[in-house]
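First comes the structure, then the notes that go with it.
All residue numbers in this chain count up from 1 along the given sequence. These numbers come from the heavy atoms of this one structure, side chains and all, not from hydrogens, waters or symmetry mates.
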Amino acid sequence: MRKWTIQTWMLVAAGLTLNIISALMTNFFIDDATRQASQLVQKQQNNDKLITLIWQQVETVERKKENVLGLILSSDLHKQPIAIEISRQVIGEINYWLDEKKIDDLSLTGIPRLISALNQVQDDRREKINQLYLDNLQLIELHSEKMKSISQLRNLALFLQIIGLVLVLARDLNLRDYRSGDV
């Protein structure tokens, strides 16, 4: 019966090849996947900041609405019109938030239209917040999948490194090759 032997240099070459493959995987695939995962986290953080800013806009519109109602009701209660300068300033501030339904006067009769327009602005902002929140949920899921993929790639690279190291060290463990001078 014939005994098969593998030359030590072949084991060392296979071990070095596995280590090189592992290094290339780390350099190209794992680093790229990590960069992509970081981009997902960055997008999520940007969306969180946007949600905060948009929510502040919703609150600002609410405060504007309350101030205008207070101003109109105070004017009506005192039976005096709102000063022209104040009226212009307030109308300008309100129209800043309104896209299509601009107002031109502050009066009790215009309150329903004004409130409706401001409520629409708030609803639009809330819808944007909802969309950003759903986008964030999707980004979290994508990030989780990406991190799982990175973990699997790292485990594979580590496995290849260990096997490669074992094959390289096989040269030192093969005493017969040292005695015969094959090394």
Checklist entry - Is the closest side-chain donor-acceptor distance between Asp32 and Gln36 under 3.5 Å? => result yes

Checklist entry - Leu139 and Asn47: side chain to side chain contact (heavy atoms under 4.5 Å, CB included), yes or no, with the steps? => result CA-CA 10 Å; Leu139 289 172; Asn47 284 351; 3.7 Å; yes

Checklist outcome for this item: For Ile103 and Ile91 the tightest heavy-atom approach is O-CG2, 3.5 Å

Checklist entry - How long is the span from the CG atom in Leu53 to the CD1 atom in Ile129, to the nearest 0.5 Å? => result 10.0 Å

Checklist outcome for this item: d(Asn19 CG, Leu24 CG) to nearest 0.5 Å is 11.0 Å

Next on the checklist: Restricting to side chain to side chain contact (heavy atoms under 4.5 Å, CB included), what partner residues turn up for Glu141, sequence neighbours left out?
Outcome noted: Glu145

Checklist entry - So, for Ser22 and Leu160, which heavy atoms are closest and what is the spacing to 0.1 Å? => result CB-CB, 4.0 Å

Checklist entry - Taking everything shown except Ile84 itself, do over 12 heavy atoms lie less than 6.0 Å from its CD1? => result no

Checklist entry - side chain to side chain contact (heavy atoms under 4.5 Å, CB included) between Ile162 and Leu158: does it pass, once the steps are laid out? => result CA-CA 6 Å; Ile162 290 171; Leu158 181 61; 4.0 Å; yes

Checklist entry - Side chain of Lys102, backbone of Leu98: donor and acceptor closer than 3.5 Å? => result yes

Checklist entry - So, does Ser144 use its side chain to make a donor-acceptor pair with the main chain of Ile140 at under 3.5 Å? => result no

Checklist entry - Which pair of non-hydrogen atoms, one from His143 and one from Ala37, has the smallest distance, and what is that distance? => result CD2-O, 3.3 Å

Next on the checklist: For a side chain to side chain contact (heavy atoms under 4.5 Å, CB included) check, start with the C-alpha distance between Lys146 and Leu142, then their side-chain angles and the critical distance, and finish with the verdict.
Outcome noted: CA-CA 6 Å; Lys146 186 64 71 178; Leu142 289 172; over 6 Å; no

Checklist entry - When clusters are formed by joining ILVMFWY residues with side-chain heavy atoms under 4.5 Å apart, either directly or through shared neighbours, do Ile94 and Ile115 land in the same one? => result yes

Checklist entry - Do Met147 and Ser151 come within less than 4.5 Å of each other through their side chains, counting heavy atoms only? => result no

Checklist entry - At what distance, to the nearest 0.5 angstrom, does CG of Leu132 lie from CD1 of Ile54? => result 5.0 Å

Next on the checklist: Return the CZ to CH2 distance between Arg125 and Trp55, rounded to the nearest 0.5 Å.
Outcome noted: 12.5 Å

Checklist entry - Going through the checks in order, is the side chain to side chain contact (heavy atoms under 4.5 Å, CB included) test met by Leu114 and Lys65? => result CA-CA 8 Å; Leu114 173 67; Lys65 188 169 35 173; over 6 Å; no

Next on the checklist: My understanding is that only one of Asn130, Asn136, Asn46, Asp135 makes a side-chain contact (heavy atoms from CB on, under 4.5 Å) with Ile51; could you say which?
Outcome noted: Asn136

Next on the checklist: I want to check something: taking the side chain as every heavy atom from C-beta on, are Arg154 and Thr34 in contact at a cut-off of under 4.5 Å?
Outcome noted: yes

Checklist entry - How about Val58 and Glu62: do any of their side-chain heavy atoms sit closer than 4.5 Å? => result no

Checklist entry - What's the shortest heavy-atom distance between Ala157 and Met25, and which atoms? => result N-CE, 4.1 Å

Next on the checklist: Distance check, rounded to the nearest 0.5 Å: Arg63 atom CZ versus Gln56 atom CD?
Outcome noted: 8.5 Å

Checklist entry - Should we count CD of Gln39 as having more than 12 external heavy atoms under 6.0 Å? => result yes

Next on the checklist: Using side-chain heavy atoms (C-beta onward) and a distance below 4.5 Å, is Thr26 in contact with Leu153?
Outcome noted: no

Checklist entry - Shortest non-hydrogen contact from Thr109 to Pro112? => result O-CD, 3.5 Å

Next on the checklist: Are Leu18 and Val168 connected into the same hydrophobic cluster when the rule is that any two of I, L, V, M, F, W, Y join if their side-chain heavy atoms are below 4.5 Å apart?
Outcome noted: no

Checklist entry - Is there side-chain contact between Asn155 and Phe159, with heavy atoms separated by less than 4.5 Å? => result no

Checklist entry - Does the side chain of Gln120 come within less than 4.5 Å of Trp97's, by heavy atoms? => result no

Item to check | Hydrophobic cluster membership, Leu106 vs Val61, 4.5 Å side-chain cutoff | outcome: yes

Checklist entry - In terms of hydrophobic clustering (I, L, V, M, F, W, Y; side-chain heavy atoms under 4.5 Å; direct or indirect links), are Ile82 and Leu77 co-clustered? => result no

Checklist entry - Mind checking whether Phe29 and Ile150 have side chains closer than 4.5 Å, heavy atoms only? => result no

Next on the checklist: With rounding to the nearest 0.5 angstrom, report the CD to CZ distance, Gln42 to Arg35.
Outcome noted: 13.0 Å

Checklist entry - Does any non-hydrogen side-chain atom of Val90 lie less than 4.5 Å from one of Glu93? => result no

Item to check | Taking every non-hydrogen atom, the tightest pair across Leu167 and Ala14 | outcome: CD1-CB, 3.9 Å

Next on the checklist: Starting from Ile86, can I reach Leu73 by hopping between I/L/V/M/F/W/Y residues whose side chains sit under 4.5 Å apart?
Outcome noted: yes

